[in-house]
Each structure stands twice: as structure tokens, then as C-alpha cells.
Peer 1: 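Mind having a look at this structure? Questions to follow.
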2 protein chains.
Amino acid sequence: MSQVKQPTPHALSSLMTEFENSCRRADLKVTHQRLEIYRELTEAHDHPSAEMLYRRIITRLPTISLDTVYRTLATFEKHGLITRVQTVESQARFEAEMVKHHHAVCSKCGVITDFTWETFDAAQVPDTLAVWGKVFKRHAVLEGICTSCSPKV
Amino acid sequence: MSQVKQPTPHALSSLMTEFENSCRRADLKVTHQRLEIYRELTEAHDHPSAEMLYRRIITRLPTISLDTVYRTLATFEKHGLITRVQTVESQARFEAEMVKHHHAVCSKCGVITDFTWETFDAAQVPDTLAVWGKVFKRHAVLEGICTSCSPKV
DNA sequence: TATATTAATAAGAATCATTACTATTCGTGA
DNA sequence: TCACGAATAGTAATGATTCTTATTAATATA
């Protein structure tokens, strides 16, 4: 029931050509591994982990290494070809603050700042989500550059 | 500039008493380690990791082990005394979908579902954030129970 | 088309965050 | 004060990710 539609089988080949062009533009060599990883990720609708992708791809490329999957995903992400699903970072962070609040993360220094946002807390979630299930919690993560990291005027 | 105010030094002791009561209510023994970990986290305003807390606490409790910090934080979280800063999970997840969208996570099965939310994308962020810096990206994470995990009626 | 250049890969070791194991210590109720 | 079980320290183990290095392969060019 995802609101974001998936490519039709027919659209996939043109997506792959587009991908190859993106690679060339970015000076990335078009390798089997990269094609397979990108294709697998495009066809997957379950936000797979590197490990999950690896297990799926190895059936077609038996010699591919897990490291290649990790490295390739990082490369794709750097070039804006794919997205890493929003996580603050691998290390878990904690807080004793129990008042409902949200987080602004500075992409330069990584500092996480709390802020409250009543409008968001009260906003109605999209109707389409009613089919999905019952929403209990909501959390907003903003990303940007904090004042102390901004180039001084 | 955080919008969520911190406890005044004066309020801290009552906070600690409150904490001890919470522990007793939850059948958690009130140990030095737990008190120190909770106090350190209450005084910290930087969303520390377990490792960071450990390094701070070891100066006062030289024999505390890192494992205790991890275990205690998990215990506190389970009893709702602290919060783990929103991350989907420790394993990074990826997606090729480049259309702007958000995520609904089912807390039972863990499945991540994409959805679009134009109202949120267009909503004005709180004025107070202007002081913080420039916001480039925003992302909403909803948590709930998806239909297939809901008890059948 | 063959070749040189250089990026990309495979394999496995290393690292980092986190969790598990086990003997010992300590908080708490009787 | 004592006995009990929960909590802890110390260390080993695990899981995810990254690094190292020798090898392979994509691409530009002759």
C-alpha cells in the first residue's frame, strides 16, 4: 500500500540505461556489480540492508563480496543515486528528556538539537495512512547547517 | 538554543528522588551505577552515546563497566525513563526511491513503509529554528502497528 | 582491436558498537 | 543481620561495517 509507486517491469530497462548514464556523468565505471546492486535495490521494496542485498545478488553473481555491496552503496549514496534510510548514525544516542520534541541535526558538526513543534504534533497524517494501520508516535528529523557551522558573513 | 529547557541545578535533586521512586515502582534496585548513569544523562545536553556516558561516569565510578552502561540504558528505556534517539535500527537500510517521501515503521514486524506527505513537506518549521541555522531537509518517521499486525477483529 | 592506465573488486583481516557469559557483589525485604 | 535474587565487573563473543592488498576489469587511446 506504499504511496510511492514502483517502476513497472517495462520502465526498468530505461531506468537502467538512465542509471548507466548517471554513472558515466559521475565518472563511475559501469561494472556488473554496480548494475546488479542498483537493479536489485530498484526492484526491492523492503528497504533492504547491505547484507540482505548481498544474499540476493550472490545467486546471480556468486563471487561478489559483501564489502563490494557496502562500498558500492556508499558510492551510490555519495552521488545521490540512492538514499540511506534516515538514521541519526550507527551509534545509538540517548536522552533523559521526556517532553515530546524533535531533532535538528547539523550535517557538518553532527550536533543534535532538540526543539518542539506543536503544529507538527497536531497535524493530521495523510489519509492514505489509514489503510496502513494505527499511528502511535511521530517524529521529525530536520537536517541542515547550524549557525556555528555556517560560513561567517 | 534548544527549545526544550534543562532542569535547573536546584531541580536536579528532586528529579533524582523522583527517579528513585520510578525505580522502586518498576521493581528496579536503586544502585550507584543506575543513579550515576541517570544523573549523567539528565545533566548531559548532547544526546550522548553509551560510550560517551561511560567515559564521563568512570571518573566518578572507576570500576563501572561499559556493559553496565549499555544494560542500564536498555533497562531505563524499557521502563520509559529515558529515550533512545530515533534511529530505524542499527543496520543501515537503503532505497533507490528518490521521490521525496517519509517512513511509517511498524513496531511489531519492523516493516518500513514509504508514504508521501505534502502538507508536512510544505509546513513551516518553528520560528525558533531560525536561530539554529538553515534547514535543508526534513523527514518524518511515524511509528505504529500496521494492519497485518493488528489483532484481527 | 590491442594496450595502458587506473578504478573497482575479492578475500580476508581488522575495527567498532553492542551483547552474552559467569562468577561475584550488593540492595532489599524478612 | 541474613538470605535471596537482581545487578554488576570483567572479559569473551558477536554482528555490522570498514580497511588492506593483491588481482581484475572498464575505458581511453594508439
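A note on names: the letters A, B, ... follow the listed sequences, proteins ahead of strands, and every chain is numbered from 1.
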Peer 1: Mind calculating the distance between CD (A/Glu20) and C1' (D/dA26) to the nearest angstrom?
Peer 2: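 In whole Å, D/dA26 C1' lies 12 Å from A/Glu20 CD.
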Peer 1: Once you apply a heavy-atom cut-off of 4.0 Å, does B/Arg71 come out as touching a base, just sugar-phosphate, or nothing?
Peer 2: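 If one applies the 4.0 Å heavy-atom cut-off, B/Arg71 turns out to touch a base.
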Peer 1: May I ask you to verify whether the side chain of B/Asp27 and the base of D/dA6 hold a donor-acceptor pair under 3.5 Å?
Peer 2: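 When only heavy-atom distances are counted, B/Asp27 does not reach the base of D/dA6 through any donor-acceptor pair under 3.5 Å.
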Peer 1: Using whole Å, report how far CZ of B/Arg34 lies from P of D/dA9.
Peer 2: 11 Å
Peer 1: For A/Arg39 and A/Phe19, what are the C-alpha separation, side-chain angles and deciding distance, and is it a side-chain contact (heavy atoms from CB on, under 4.5 Å)?
Peer 2: CA-CA 9 Å; A/Arg39 181 146 69 87; A/Phe19 168 73; over 6 Å; no
Peer 1: Please determine, for the side chain of A/Ala50, which listed nucleotide (C/dG27, C/dA10, D/dT17) has the closest atom?
Peer 2: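 Comparing C/dG27, C/dA10, D/dT17 against the side chain of A/Ala50, the answer is D/dT17.
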Peer 1: So, is A/Thr68 near the phosphate of C/dA10, with a side-chain N or O under 4.0 Å from OP1 or OP2?
Peer 2: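 Answer yes for this pair, as a side-chain N or O of A/Thr68 is under 4.0 Å from OP1 or OP2.
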Peer 1: For the side chain of B/Leu66, counting heavy atoms from C-beta on, which of D/dT8, C/dT9, C/dT18 is nearest?
Peer 2: C/dT18
Peer 1: If you compare every side-chain N and O of B/Thr31 against the phosphate oxygens of D/dT8 (OP1, OP2), does one of them come in below 4.0 Å?
Peer 2: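 Answer is yes, contact under 4.0 Å.
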Peer 1: Starting at CE of A/Met52 and ending at P of D/dG15, how long is that distance when rounded to a whole Å?
Peer 2: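 Interatomic distance, CE of A/Met52 to P of D/dG15: 17 Å.
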Peer 1: Given atom NE2 of B/His32 and atom P of C/dT25, what is their separation to the nearest angstrom?
Peer 2: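 After rounding, the gap between these two atoms is 15 Å.
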Peer 1: Could you give the distance from CD1 (A/Ile145) to NZ (B/Lys134), rounded to the nearest 0.5 Å?
Peer 2: 9.5 Å
Peer 1: So, applying side chain to side chain contact (heavy atoms under 4.5 Å, CB included) with B/Glu36, which one of B/Val69, B/Ile64, B/Leu41, B/Leu61 is it?
Peer 2: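 So, applying the side chain to side chain contact (heavy atoms under 4.5 Å, CB included) to B/Glu36 and each of B/Val69, B/Ile64, B/Leu41, B/Leu61, only B/Leu61 qualifies.
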Peer 1: Please name the pair of heavy atoms, one in A/Leu142 and one in A/Phe115, separated by the smallest distance, quoted to 0.1 Å.
Peer 2: CD1-CZ, 3.6 Å
Peer 1: Which nucleotide, C/dT28, C/dT19, D/dA7, lies nearest any side-chain atom of B/Arg24?
Peer 2: C/dT28
Peer 1: Map B/Lys29 and B/Ala74 onto DNA chain C by nearest heavy atom, then report which one ends up closer to the 5' terminus.
Peer 2: B/Ala74
Peer 1: Whether B/Arg138 engages the ring of B/Phe120 as a cation-pi pair (distance to the six-membered ring centre under 6.0 angstrom, angle to the ring normal within 45°) should be assessed.
Peer 2: yes
Peer 1: For D/dT18, does OP1 or OP2 lie under 4.0 Å from any side-chain N or O of A/Tyr70?
Peer 2: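 So the side-chain polar atoms of A/Tyr70 never come under 4.0 Å of the phosphate oxygens OP1 or OP2 of D/dT18.
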Peer 1: Measuring to OP1 and OP2 of C/dA11, would you say a side-chain N or O of A/Ser65 lies under 4.0 angstrom away?
Peer 2: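 Checking C/dA11 against A/Ser65, no side-chain N or O comes under 4.0 Å of OP1 or OP2.
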Peer 1: Without decimals, in angstroms, what is the distance between A/Arg55 CZ and D/dG15 P?
Peer 2: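 Those two atoms, CZ and P, are 12 Å apart.
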Peer 1: A/Gln33 has an atom CD; how far is it from atom P of D/dT24, in whole Å?
Peer 2: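 In whole Å, D/dT24 P and A/Gln33 CD are 13 Å from each other.
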Peer 1: Return the value, rounded to whole Å, for the distance between atom OH of B/Tyr54 and atom P of C/dA17.
Peer 2: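 One finds 14 Å between P of C/dA17 and OH of B/Tyr54, rounded.
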Peer 1: Rounded to whole angstrom units, what separation is found between the CD1 atom of B/Ile64 and the C1' atom of C/dC26?
Peer 2: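 Atom CD1 in B/Ile64 sits about 14 Å away from atom C1' in C/dC26.
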Peer 1: From the set C/dC21, C/dA8, D/dA26, return the single nucleotide nearest to any side-chain atom of B/Asp67.
Peer 2: C/dC21
